[in-house]
There are 2 protein chains.
Amino acid sequence: MQNRVLLVEDDDELRELLARYLSGQGFTVREAANGKDGLALALGQHCDIVVLDIMLPDINGLEVLRELRSQTHLPVVLLTARGDETDRIVGFEVGADDYIPKPCNPRELVARLQAILRRVAWDQKSEVKAEQRYGDLRIEADHRRIYQNDEALDLTATEYEILQVLLAHAGSVVRKTDLMQWALGRRLEAFDRTLDMHISNLRKKLGSDDSPRIETVRGLGYSYRVSE
Amino acid sequence: MQNRVLLVEDDDELRELLARYLSGQGFTVREAANGKDGLALALGQHCDIVVLDIMLPDINGLEVLRELRSQTHLPVVLLTARGDETDRIVGFEVGADDYIPKPCNPRELVARLQAILRRVAWDQKSEVKAEQRYGDLRIEADHRRIYQNDEALDLTATEYEILQVLLAHAGSVVRKTDLMQWALGRRLEAFDRTLDMHISNLRKKLGSDDSPRIETVRGLGYSYRVSE
DNA sequence: AGCTCCTTTACAGAACCTTTACATGACATT
DNA sequence: AATGTCATGTAAAGGTTCTGTAAAGGAGCT
């Protein structure tokens with residue numbers, strides 16, 4: 001099966017060039033010439049990895065990435081003018097998987113894409129299902145709802161995200177920095193108690209069992225207790 | 001707790017510099033000055049990611065990577081002289097996760113390391129639980145818990161780290177300076193009794209057998225006794 | 001305005017790491 | 001063996017950091 005790349009780049013010439021090369025290397029290529037289209041295509045879920053130019057005519061690439069990260073973990077490689085160190089660091093912090101300076105060597109681009117895809121393929125074993133169960137909880141991803149014994153929990157958008165991440169990793173500890181990045185889409189800064197508050201509220205809504213479903217792992221993060 | 005980096009770099013000065021910076025950024029740092037030591041440490045399973053210089057005095061870094069890849073999927077970031085494009089491509093093809101040209105900006109190194117670790121942490125949600133056994137002890141890495149005869153030990157974060165390191169080296173002596181660096185993430189200074197205290201507490205929690213499980217090797221360090 | 005939701009502030013309490021202090025034990029030298 | 005020195009064991013105190021949560025603030029929407 002071929003890997004599907006989404007190329008978001010406003011320079012027609014460069015985009016065509018890369019598209020051709022990637023095709024030749026066995027990728028299925030989709031193209032977008034601006035941020036809006038790119039975002040729409042990326043969210044359409046029909047690609048495996050995104051190559052995203054930072055400099056775009058409409059929305060800034062970093063903005064696109066931020067938006068993307070608030071909804072998915074789709075791998076993203078940033079593309080931008082050489083030497084712009086600030087963009088680079090910010091890009092990683094917003095959640096990019098890699099960064100390549102322009103003009104880039106196509107072979108290197110392919111090598112980097114494959115390095116990331118390889119990593120993803122190794123680790124990713126189970127596909128996301130529309131409906132998943134964790135004990136008495138049931139996620140309906142389409143409706144962004146979580147049911148407890150068939151009764152819908154009244155969660156806010158953020159609470160849903162957090163609980164969904166915790167459930168996806170049920171039984172394992174999710175670090176606060178990761179939880180922040182994955183559910184809130186931003187970096188955990190010092191003295192930011194937002195996450196703690198959401199956890200506190202979530203615990204209330206999940207009801208009080210004998211032992212808390214969301215366990216605190218001091219100094220690290222939280223973990224959803226797997227029921228036996 | 002902290003992410004653990006293995007730094008394989010023969011230039012003492014650069015290695016020290018990076019080690020210090022990474023420590024400051026919340027990483028626990030392990031160091032190796034040549035390929036042989038690096039390989040041994042990496043295979044020892046006690047780090048989350050490897051920063052590997054290609055130019056090494058004994059084994060070529062690429063060779064180390066190849067060897068490593070034949071056994072694990074541990075994330076590896078290559079480090080080498082700028083502009084050496086062949087190495088770069090080959091590196092990716094052998095299975096590197098990223099590549100950074102020297103001299104590198106430490107901030108960028110950290111950003112890249114975190115980008116990879118983020119992705120790995122996310123994808124590993126479905127990973128098969130790695131369980132390690134040492135006599136009646138069992139480590140569950142996901143929970144960061146250690147069980148003794150199926151009963152979870154109530155360890156603090158630091159105690160977990162220390163015991164985990166000792167177990168990983170079960171049967172051989174771990175120097176106090178190494179234990180400090182690996183488990184506490186900082187250098188052992190004179191008159192610092194922190195480690196001794198943790199060991200003391202650990203021994204209490206491990207229960208009193210006839211002979212202590214954690215043996216003292218005077219003037220050197222500690223060693224977890226292998227059960228027969 | 002009113003409502004919802006996210007975030008910040010503030011404080012209390014808990015968990016934990018580190019330091020201090022003294023006791024004990026090991027090793028070397030006499 | 002006796003002595004001195006240094007490493008180690010551990011109780012207790014100290015202080016720092018982390019966490020839980022109520023309450024207030026603020027942003028966005030209707």
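Reminder, nothing fancy here: chain letters follow the sequence lines and each chain counts from 1.
- Spacing between atom CG of L206(B) and atom C1' of dT10(D) amounts to 16 Å, rounded to whole angstrom units.
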Enumerate the protein-to-nucleotides 3-9 of chain C contacts in which both atoms are nitrogen or oxygen and the separation is below 3.5 Å.
from	atom 1	to	atom 2	distance (Å)
dC6(C)	OP1	T156(A)	OG1	3.3
dC6(C)	OP1	T158(A)	N	3.0
dC6(C)	OP1	T158(A)	OG1	2.6
dC6(C)	OP2	T156(A)	OG1	2.6
dT7(C)	OP1	R186(A)	NH1	2.5
dT7(C)	OP2	H198(A)	NE2	3.4
dT8(C)	OP2	T194(A)	OG1	3.4

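- Side-chain N or O atoms of K36(A) include none that pairs as donor or acceptor with a backbone N or O of I59(A) at under 3.5 Å.
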Review item, nucleotides 24-30 of chain D N/O atoms under 3.5 Å of protein N/O:
none

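- Put simply, CD1 on I199(A) is 15 Å from P on dA22(D), counting in whole angstrom units.
- For the pair I100(B) and V51(B), the minimum side-chain heavy-atom distance is 4.5 Å or more.
- One atom, CZ of R175(B), and another, P of dA7(D), lie 15 Å apart when rounded to the nearest Å.
- Between D10(A) atom CG and D37(A) atom CG the span is 12.0 Å, to the nearest 0.5 Å.
- A salt bridge links K176(A) with D196(A): the distance from a Lys NZ or Arg NE/NH1/NH2 to an Asp or Glu carboxylate oxygen falls below 4.0 Å.
- dA12(D) atom C1' lies 10 Å from atom NZ of K204(B), rounded to whole Å.
- Annotation: side chain of Y134(B) is not in contact with side chain of R213(B) (no heavy-atom distance under 4.5 Å).
- Between L206(A) and L137(A), some side-chain heavy-atom pair lies under the 4.5 Å cut-off.
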Every protein N/O lying under 3.5 Å from an N/O of nucleotides 24-30 of chain C:
none

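- Listed pair T216(B) / dA7(D) fails the phosphate criterion, with no side-chain N or O lying under 4.0 Å from OP1 or OP2.
- At least one donor-acceptor pair under 3.5 Å links the side chain of R30(B) to the backbone N or O of W182(B).
- The shortest distance between the side-chain N/O atoms of K176(A) and the OP1/OP2 oxygens of dC18(D) is not below 4.0 Å.
- For Y222(A) and dG20(D), the shortest distance from a side-chain N or O to OP1 or OP2 is below 4.0 Å.
- By the 4.5 Å heavy-atom criterion applied to side chains, R175(A) and N3(B) are counted as neighbours.
- Salt bridge absent: R112(A) and D97(A) never bring a charged side-chain N and a carboxylate O closer than 4.0 Å.
- We find that CG of D196(A) is positioned 13 Å from C1' of dT17(D), with the value rounded to whole Å.
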